[in-house]
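Here is how names work: the chains are called A, B, and so on, in the same order as the sequence lines, proteins then strands, and each is numbered from 1.
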Amino acid sequence: MSSQADQSAPASRYDFAALEAKWRPYWDELGLYRTGNDPAKPKKYILDFFPYPSGEGLSVGHCRNYVPTDVISRYYRMRNFNVLHPIGWDAFGLPAENAAIKLKTNPAKLIAKYSANYKRQMNLIAASYDWDREINSSSPEYYRWTQWIFLLLYHSWYDRRRDQARPITELEAELERSGTQELKLPAEVPALTSTQWRAMSLAERRRYLSNFRLAYRAASAVNWDPVEKTVLANEEVIDGRGWRSGALVERKTLQQWFFRITAYAERLLADLDTIDWPESIKAMQRNWIGRSEGAEVTFKTTAGDLVIFTTRPDTLWGATFMVLAPEHPFVPQLTTAAQRSHVAAYVAAAKEKSEQTRTAETRDKTGVFTGSYALNPVNQEQIPIWIADYVLLEYGTGAIMAVPAHDQRDFEFARKFDLPIRIVIEPPGQTLRPEDMTEAWPHEGVMVNSAHFDGTPASEAVSKVIAWLEQTGKGSGRVLYKMRDWLISRQRYWGTPIPIVHTEAFGEVPVAPENLPVLLPEVPNYEPTETGESPLAAIDSFVNVTLPDGTPGRRETDTMGTFACSSWYFLRFASPREDQAPFDRQAVNYWLPIDLYVGGAEHAVMHLLYSRFWTKVLYDRGLVPFVEPFKKLRNQGMLLSYDNQKMSKSRGNVITPDAVAAVHGVDALRVYILFMGPFEAETKWEEAGVKGASRFLQRFWALARDLATATFVEPSGEREREFRRMLHATIKRVTHDLEDFAFNTAIAALMELLNFFYDCRRGQTVVGVTAGLWREGLEVFTRLLSPIAPFLAEEVWQEMLGHRGECVQRLPWLEYDEAALAVAEINVVIQVNGKLRGQLTVPVAIDEERLKQAALASTQIKKFVEGKAIKKVIVVPRKLVNIVVG
RNA sequence: GCCGGGGUGGUGAAAUUGGUAGACGCGCUGGACUCAAAAUCCAGUGGGAGCAAUCCCUUGCGGGUUCGAGUCCCGCCCCCGGCACCA
């Protein structure tokens, strides 16, 4: 499209490229996108998910995220809110590092290049970010504070009595005073007296305290991604594969850093009920947290007390055998000489199988008898102990009681190995017989064969048994979660260094906050190793340090996974240049929590869970006054390419905003993105759809162009009332639809208004309304369009409607006038037996009786009513009359 | 299997609390303009019957509630997303 307009005749199409070139610098100069800071105004914080700049740049799929939030931001600016709409770069992480290795360059350089391109594209689509607040998580000014929060977690412990994180110094004081006796200790942490505590060396104390810290280092079986050459968090493993690399993960036991997110399981679950998020994301988080209520019960064995967890303590009398995970620590001791070779072979085979194959292969039960027996505490019965890989060491206690009558897995196992099946639960009034069963009966029912509990109904069974277990010391009620602690260390270069130094004398020593940041060294070689050791370990100048007191130490060489960076970045935007703290408290108090957070659904249990966790820790430690960071979350639907496939470079079907904007203009791109379907629905890109959006804008532009030459005839009061009514109805619809995230119907409303304008025209002549009202109509349209198609709106407003120098987006949002919406007459539908048979135009204020009479008198319904008895007439004022005949 | 979300024309989709199903767009058909095309404008467009007025059918399937159901209830089928030997 050229900007040289034909001088003689009026142009037939508008030159979108010229408008874009003209208005972009104008808005920049005006500071239109700068964050509002008028303390008298209310605020809106509207945020897009922290993007990861990649070499591929943005596709139109990203626009489905950025355009709607931009429209909402512009809308709230016009509604006179202070709007914070920032953007930054989630810059650390594997993709940039891998790309840099491949291209033999530095990841920082690549990120700079990629993010510059993202910025260019974001500006292209007129996303109204405040670039003064741009942040980059890989800059020392930023990651310094990621390290600071790491240390905050390190110096915090979770007090289960108060359900709150507290400073570790308070725990030390309590241990000094009274040991662990008053603490609600987690089962896996050994109790301690104050005397024992005082006798401990500094290193021993540090080791003991790591049982409590919210950031701790521990040896654990972890997910090793052999392609990325690093460990991954559980949340990053999808179907047994690394979420980015797609490689099958391997089990490795390594010393790793974790965040104790499990301490917050209950709060992370409960607070989901307080936030406005898509149900699917909440469901995924609930599912991930995986809460189960049940009981722990102790069975005596020759290797010691064997604790099991069950959600069905009411079936304890039906336990006919026990099953341990092959890795369970009791296995060697429980295995009898006769069984030794079988057990050893089974354990070895289980070890060979990855998590993947263990679950992917058939669910056929396998297992082997240990030769030992356990004592069922409820009936003093000796039951055989087996091992089988369907029991997982990581969940519960790694051991179960098997109740084949009432659990399908145990049933299959019992049938396969010919173990007894005993029924202890029955449906009321029915009898079950083991020999008749083809599957377990896992439902709730009446207890039978359960000593003095026989006859206990389902509604009371579980709670009564738990109470009895607690009274008799055989067990206790317990809540279990599937969620594991968050593994944060990565054996890679391009991440936030973990601010810890390891020493011989004192164990791990945290870096003092005033010595942050621990800088990531700039080095030419940073390729990952095969050994599970970070490439930083090979850099002596980084590793070897001397503490202020002269103690030699070795720096922690793992870096943090990028989800640490993105777990607090939304706080940083409130005061992005703050250099005394991660954020300015006042600024955070004003801007947070986020009013609207938009991004893809793929972060359901990663970023969105981690951020909630960090926010709760910050809340507990008094740094923020809210417990949930994202009040309202929306996920944009996926945008498939024209071939119904996901857009990807390898398929060659990526559509870029650059290409669309070049052909149709940015406004048309934006209109189509918004109009293509409901915001949250998956949709397919249709080139013809952009043409439709473009046509809509053209049609509006042509009306504005013709304003100067139009003639106005036959003004009529009635027609003008109708015209005004349309204007106000459209203001109302667009306003409500934008508030509801219903961009497609907001645009449909504008299209209807435009069609109405065209109905008022006969060629260049406008019929029924005055020039003044016609102009008002165009002005209303322009203002409603301005957040959606800002370039055309600005052009029409300033150049064609004669408001030069007045930025249309600086005007307040239009209010609708209820009075103008009023109509004198309305259509009412006449139904006979619920079927549409006629219509009636009646005064809006008609009373019910008259409406009924008018309907009955209507000739349209005569033939449906004639000769039949009228049984009933339903009158719904302003809507319909339904005549029921028999 | 469990959890969440869906199923409406040729097509993307609309439809406050149950109250004219298919707004708006795309596509298609016809017309105007043009030497012609593109663009634009005007008219039509759920399916079926009929010259017509008009009538019948229609929101995945089967029941139900109701004067009235896309919407509520019960039972199915199918699609998408997530989780899954979690005791």
Side-chain angles (χ1 to χ4, degrees), chain A residues 12-13 238-239 278-288 290-292 294 308-312 315 323 325 358-359 361-365 388-392 394-403 406-410 412-413 442 480-483 601-602 604-605 635 637-638 671-672 675-678 680-693 695-696 698-699 702 733 736 742 744-755 758 761-763 827-839 863 871-876 878-885:
Chain A
S12 62
R13 295 180 66 76
I238 293 164
D239 291 336
E279 211 38 58
S280 58
I281 302 285
K282 290 193 190 182
M284 280 188 238
Q285 292 211 350
R286 288 191 189 106
N287 195 9
W288 186 259
R291 184 183 199 272
S292 292
I308 60 99
F309 175 78
T310 176
T311 55
R312 292 295 301 275
T315 64
V323 187
R358 206 164 126 173
T359 51
E361 73 190 15
T362 63
R363 291 181 182 200
D364 264 0
K365 295 292 173 286
D389 64 7
Y390 80 92
V391 175
L392 309 171
E394 313 84 66
Y395 184 72
T397 60
I400 62 160
M401 65 164 183
V403 185
H406 306 294
D407 180 280
Q408 185 59 26
R409 294 153 299 178
D410 300 345
E412 286 164 20
F413 196 86
L480 217 58
Y481 302 90
K482 275 184 234 172
M483 182 171 63
E602 67 275 13
V605 291
N635 302 123
M638 204 195 304
V671 168
Y672 176 54
F675 183 67
M676 65 198 329
E680 309 210 358
E682 178 178 288
T683 337
K684 185 178 143 185
W685 180 266
E686 298 271 11
E687 194 66 21
V690 202
K691 268 170 67 184
R695 198 173 293 161
F696 161 67
Q698 286 292 345
R699 270 160 59 83
R733 285 175 67 187
H736 288 163
N744 53 336
T745 50
I747 290 172
L750 287 171
M751 287 174 168
E752 284 181 57
L753 181 60
L754 186 62
N755 289 343
Y758 270 78
R761 291 203 335 165
R762 303 283 173 272
N827 264 354
V828 165
V829 168
I830 311 174
Q831 296 179 342
V832 177
N833 287 348
K835 286 199 170 177
L836 176 67
R837 296 301 182 193
Q839 295 211 19
K863 63 177 170 184
K871 287 196 197 158
K872 201 177 189 184
V873 179
I874 313 271
V875 179
V876 182
R878 303 184 63 123
K879 287 226 167 90
L880 59 78
V881 178
N882 189 11
I883 300 161
V884 187
V885 296

Contact class for [X] vs. all strands (heavy atom < 4.0 Å): base, sugar-phosphate, or nothing?
X	answer
A:Pro678	sugar-phosphate
A:Val829	base
A:Gln839	base

Gap separating the [atom1] atom of [X] from the [atom2] atom of [Y], nearest 0.5 angstrom:
X	Y	atom1	atom2	value
A:Phe309	A:Leu480	CZ	CG	4.5 Å
A:Asn833	A:Gln831	CG	CD	9.5 Å
A:Asp407	A:Met401	CG	CE	9.0 Å

Without swapping roles, check the side chain of A:Thr683 against the backbone of A:Ala681 for a donor-acceptor pair under 3.5 Å. yes

Say whether, by atom type as modelled, one donor and one acceptor occur between the side chain of A:Glu412 and the main chain of A:Asp364 under 3.5 angstrom.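 No: the side chain of A:Glu412 does not pair with the backbone of A:Asp364.
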
Among [options], find the nucleotide with the atom closest to the side chain of [X].
X	options	answer
A:Ala283	B:C3, B:G19, B:G12	B:C3
A:Phe309	B:G19, B:A87, B:G4	B:A87
A:Leu392	B:G68, B:G4, B:A87	B:A87
A:Ile874	B:G19, B:A87, B:G5	B:G19
A:Thr310	B:A87, B:C85, B:G5	B:A87
A:Tyr390	B:A87, B:G4, B:C85	B:C85

In terms of the nearest nucleotide of RNA chain B, which residue is placed more toward the 5' end: A:Arg761 or A:Ile883?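 Between the two, 5'-proximity favours A:Arg761.
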
For RNA chain B, whose closest nucleotide is more 5', that of A:Lys684 or that of A:Met284? A:Lys684

Which whole-number value in Å describes the distance from [X] [atom1] to [N] [atom2]?
X	N	atom1	atom2	result
A:Tyr672	B:A13	OH	P	10 Å
A:Gln698	B:A39	CD	C1'	10 Å
A:Asp364	B:C85	CG	P	15 Å
A:Leu754	B:U40	CG	P	13 Å
A:Met483	B:G82	CE	P	21 Å
A:Tyr481	B:A87	OH	P	13 Å
A:Arg878	B:U16	CZ	C1'	14 Å
A:Trp288	B:G4	CH2	C1'	17 Å

Checking base pairs now: Watson-Crick or wobble, both atom distances under 3.5 Å. What partners [N]?
N	answer
B:U40	B:A32
B:G27	B:U45
B:G4	B:C80
B:G50	none
B:A13	none

Report, one pair per line, the protein and nucleotides 21-26 of chain B atoms (nitrogen or oxygen only) whose separation is under 3.5 Å.
| residue | atom | partner | partner atom | Å |
| --- | --- | --- | --- | --- |
| B:A23 | O2' | A:Glu752 | OE2 | 3.1 |
| B:G25 | OP1 | A:Asn755 | ND2 | 3.2 |
| B:C26 | OP1 | A:Arg695 | NH1 | 2.8 |

Any salt bridge linking A:Glu686 with A:Lys691? Criterion: basic side-chain nitrogen under 4.0 Å from a carboxylate oxygen.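 The answer is no: the pair does not qualify as a salt bridge.
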
Quick one: ring-ring contact (aromatic ring centres under 6.0 Å, His included) partners of A:Tyr481, sequence neighbours excluded? none

Give the minimum heavy-atom separation between A:Val391 and A:Ala325, together with the two atoms involved.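 Of all heavy-atom pairs spanning A:Val391 and A:Ala325, the closest is O-CB, 3.3 Å.
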
Are the side chains of A:Ile400 and A:Tyr395 in touch, meaning some heavy atoms are under 4.5 Å apart?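 Of all side-chain heavy-atom pairs linking A:Tyr395 with A:Ile400, none is under 4.5 Å.
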
A:Arg699 charged N/C atom sitting above A:Phe696 aromatic ring, 6.0 Å / 45°: no

What nitrogen or oxygen pairs link the protein and nucleotides 55-57 of chain B at under 3.5 Å?
| residue | atom | partner | partner atom | Å |
| --- | --- | --- | --- | --- |
| B:C56 | OP1 | A:Arg837 | NH2 | 3.2 |
| B:C56 | OP2 | A:Arg837 | NH1 | 3.0 |
| B:C57 | OP2 | A:Lys835 | NZ | 3.1 |

Decide, for B:G9, between syn and anti: a glycosidic angle within 90° of 0 counts as syn, anything else as anti.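 Syn, since the glycosidic angle lies within 90° of 0.
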
Does A:Asn287 contact B:C83 through a side-chain donor or acceptor facing the base, at a distance under 3.5 Å?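 Result: no qualifying N/O pair found.
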
For the residue pair A:Trp685 and A:Tyr672, does the interplanar ring angle fall in the parallel (under 30°), tilted (30 to 60°) or perpendicular (over 60°) class?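 The arrangement is perpendicular - the two ring planes meet at more than 60°.
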
Gap in Å between the two C1' atoms, one belonging to B:A21 and one to B:G47, rounded: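 Their C1' atoms lie roughly 14 Å apart.
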
